[in-house]
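Every chain is numbered from 1, with letters handed out A, B, ... down the list of sequences. From a predicted model like this one, the values you see are computed outputs, not experimental measurements.
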Protein chains: 2
Amino acid sequence: MQKLRLKSAEIEKSTHLEFFKIALSVDCVIFGYDKKKLKVLVFESDFEEYANMLSLIGDLVQPEEDLEEAPYRILRERAGLHDVYMEQVYTFGSVSRHPSGRVITTAYFSLVDIKTHKLPASETNLHWHDVDDISQMAFDHKIILDTCLTRLREKILEYPIVFNLLPEKFSLRELQDLYEAILGVELDRRNFRKRITLKNWLVDLNEMEEDVPHRPGKLYKLKKQLKSNGKPLRLKEQNLVI
Amino acid sequence: MQKLRLKSAEIEKSTHLEFFKIALSVDCVIFGYDKKKLKVLVFESDFEEYANMLSLIGDLVQPEEDLEEAPYRILRERAGLHDVYMEQVYTFGSVSRHPSGRVITTAYFSLVDIKTHKLPASETNLHWHDVDDISQMAFDHKIILDTCLTRLREKILEYPIVFNLLPEKFSLRELQDLYEAILGVELDRRNFRKRITLKNWLVDLNEMEEDVPHRPGKLYKLKKQLKSNGKPLRLKEQNLVI
DNA sequence: TTATTAATGTGTCCGAAGTACATATTACTT
DNA sequence: AAGTAATATGTACTTCGGACACATTAATAA
């Protein structure tokens with residue numbers, strides 16, 4: 001690390017020794033979707049105080065690593081995930097939140113298509129867990145999860161991000177099931193289709209579902225300009241990318 | 001600091017010495033409003049690299065201090081401000097963002113009524129600066145300011161928080177001027193009044209403006225349940241506090 | 001005292017978008 | 001060939017936001 005010159009009014013009152021004792025970590029809330037259920041990628045904590053409790057995937061930020069890079073690295077290293085949608089949500093910093101000492105954590109959520117992104121066999125501990133079947137977690141991870149879920153629910157109403165949870169091609173029924181799973185409500189089919197049509201997010205592929213046990217529906221995909229590879233989208237109006 | 005036990009998979013790969021070298025700071029974007037202009041509280045940086053450039057008020061988070069507590073302390077110590085509306089916005093952590101070393105910062109914005117909260121005479125350097133008259137700042141503070149301003153603009157459309165920038169009693173005209181200053185647009189007076197009425201945020205005080213050089217308008221105040229002393233509001237619908 | 005001025009206060013029309021709800025069509029199943 | 005369960009589409013009602021007009025009030029100027 002480079003030598004410190006502490007001349008700012010912000011820092012001059014302190015010595016490094018006293019202040020550079022805080023660790024910064026990143027915790028990743030990785031959402032997936034399968035069988036009409038919203039999932040989150042978790043593992044059973046090997047931390048003494050929280051043995052066998054569910055834990056989010058996280059790691060310390062490296063000394064020479066940008067904060068925004070850390071969650072992407074963690075997803076690569078721990079879950080073999082590349083090019084996923086990622087968004088910073090909130091930073092949690094209670095003194096007592098981590099039993100090992102002062103660890104402040106920044107929470108990110110990401111959206112992953114479970115079918116396309118297979119988990120690495122090496123990480124046998126990792127698994128996709130129903131979001132609405134989690135009542136407690138290690139550390140303050142339940143609060144982190146809830147905060148990210150709230151943010152997700154707000155965001156999907158205005159921004160076309162849920163498509164990161166689906167395969168390239170999908171039917172309107174699948175899309176509606178996904179919205180219902182995330183929002184936890186039932187939606188009227190006809191009105192849902194109208195709203196989605198109005199947002200003008202989709203392209204009709206002129207293909208039909210196959211191997212479904214009922215009348216097949218049309219398949220759609222997200223418009224190319226609206227695809228979010230990694231970075232969160234910023235939209236003006238409902239279909240214009242800034 | 002308590003002794004560390006580093007047994008978690010999150011931490012075990014590292015030694016403290018290597019990782020507890022990151023400093024965490026808080027930067028406060030303190031918004032005010034005066035003479036139809038949105039203001040922000042700044043001072044001229046005494047930091048060598050950024051001499052005479054505008055800087056936000058910030059400080060390092062103390063080793064035994066909750067992250068959420070730090071911005072309140074900073075407002076007290078540096079600006080004599082108590083009980084102000086405060087909201088966490090984003091955490092900035094580029095490796096190179098601070099010339100003194102690895103300093104990650106969490107940005108908060110707060111809303112203050114300039115007339116009620118006078119600045120302490122000791123802080124001669126502090127002053128209220130027009131937000132739209134700032135083109136560059138020290139460090140990455142301009143980006144931090146812009147991020148907070150964007151969040152503020154989104155938030156005021158749905159949540160009754162701008163009232164923290166006004167005195168207890170105000171006219172609809174003053175309220176509209178404030179919205180226009182924050183959003184940077186002109187609004188139709190009649191439609192604005194209709195929208196505000198619809199939101200049902202206000203109480204008609206049956207009092208009139210005084211000492212205005214024109215026909216006085218009615219005075220209103222924010223409904224008591226909607227007052228936000230410090231913590232950000234969470235609303236369901238448009239006027240219900242959860 | 002009166003007319004002027006500049007603001008406040010209120011209302012209407014219209015179109016966009018959301019909600020409730022009904023019917024026809026299609027393909028698989030029996 | 002009939003029954004079933006899903007898709008596909010449409011209509012009426014309501015709510016909300018945006019464009020816009022007119023009457024009212026109080027300070028000011030003649």
Report, as yes or no, whether the 6.0 Å neighbourhood of atom NZ on Lys37(A) holds more than 12 heavy atoms from other residues, nucleotides or ligands.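 Not more than 12 within 6.0 Å, no.
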
Rounded off to whole Å, could you give me the [atom1]-to-[atom2] distance for the [X] and [N] pair?
{"X": "Arg215(A)", "N": "dA6(D)", "atom1": "CZ", "atom2": "P", "answer": "13 Å"}
{"X": "Leu172(B)", "N": "dT10(C)", "atom1": "CG", "atom2": "P", "answer": "9 Å"}
{"X": "Leu202(A)", "N": "dA8(D)", "atom1": "CG", "atom2": "P", "answer": "13 Å"}
{"X": "Glu210(B)", "N": "dA26(D)", "atom1": "CD", "atom2": "P", "answer": "13 Å"}
{"X": "Lys218(B)", "N": "dT25(D)", "atom1": "NZ", "atom2": "P", "answer": "12 Å"}
{"X": "Asn200(A)", "N": "dA17(C)", "atom1": "CG", "atom2": "P", "answer": "11 Å"}
{"X": "Asp204(B)", "N": "dG9(C)", "atom1": "CG", "atom2": "C1'", "answer": "12 Å"}
{"X": "Met208(B)", "N": "dT24(D)", "atom1": "CE", "atom2": "P", "answer": "15 Å"}

Using the ring centroid of each side chain, check whether Phe192(B) and Tyr179(B) are separated by less than 6.0 Å.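 Yes, close enough.
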
So if I take residues 173-194 of chain A and measure heavy-atom distances to DNA chain C, which residues fall below 4.0 Å?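 Asp188(A), Arg190(A), Asn191(A), Lys194(A), in order of number.
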
Nearest heavy atom decides the nucleotide; on that basis, is Gly217(B) or Pro213(A) closer to the 5' end of DNA chain C?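 Between the two, 5'-proximity favours Gly217(B).
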
Measuring from atom CD1 of Ile143(A) to atom CZ of Phe92(A), what distance do you get when rounded to the nearest 0.5 angstrom?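 Ile143(A) atom CD1 to Phe92(A) atom CZ measures 7.5 Å (nearest 0.5 Å).
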
Spacing of NZ belonging to Lys115(B) relative to OH belonging to Tyr33(B), to within rounding of 0.5 Å: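 One finds 8.5 Å between NZ of Lys115(B) and OH of Tyr33(B).
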
Choose from dG17(D), dA17(C), dG9(C) the nucleotide whose nearest atom is closest to any side-chain atom of Leu198(B).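 Given the options dG17(D), dA17(C), dG9(C), the side chain of Leu198(B) is closest to dG17(D).
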
Quick one: sort the Phe170(A) and Phe163(A) rings into parallel, tilted or perpendicular, breaks at 30° and 60°.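 Taking Phe163(A) first and then Phe170(A), their aromatic rings sit tilted (interplane angle of 30° to 60°).
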
So, is Arg195(A) near the phosphate of dT19(C), with a side-chain N or O under 4.0 Å from OP1 or OP2?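 Indeed, a polar side-chain atom of Arg195(A) lies that close.
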
Checking side chain to side chain contact (heavy atoms under 4.5 Å, CB included) against His127(A), which of Val40(A), Leu41(A), Val42(A) comes through?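 Of Val40(A), Leu41(A), Val42(A), side chain to side chain contact (heavy atoms under 4.5 Å, CB included) with His127(A) is met by Val42(A) alone.
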
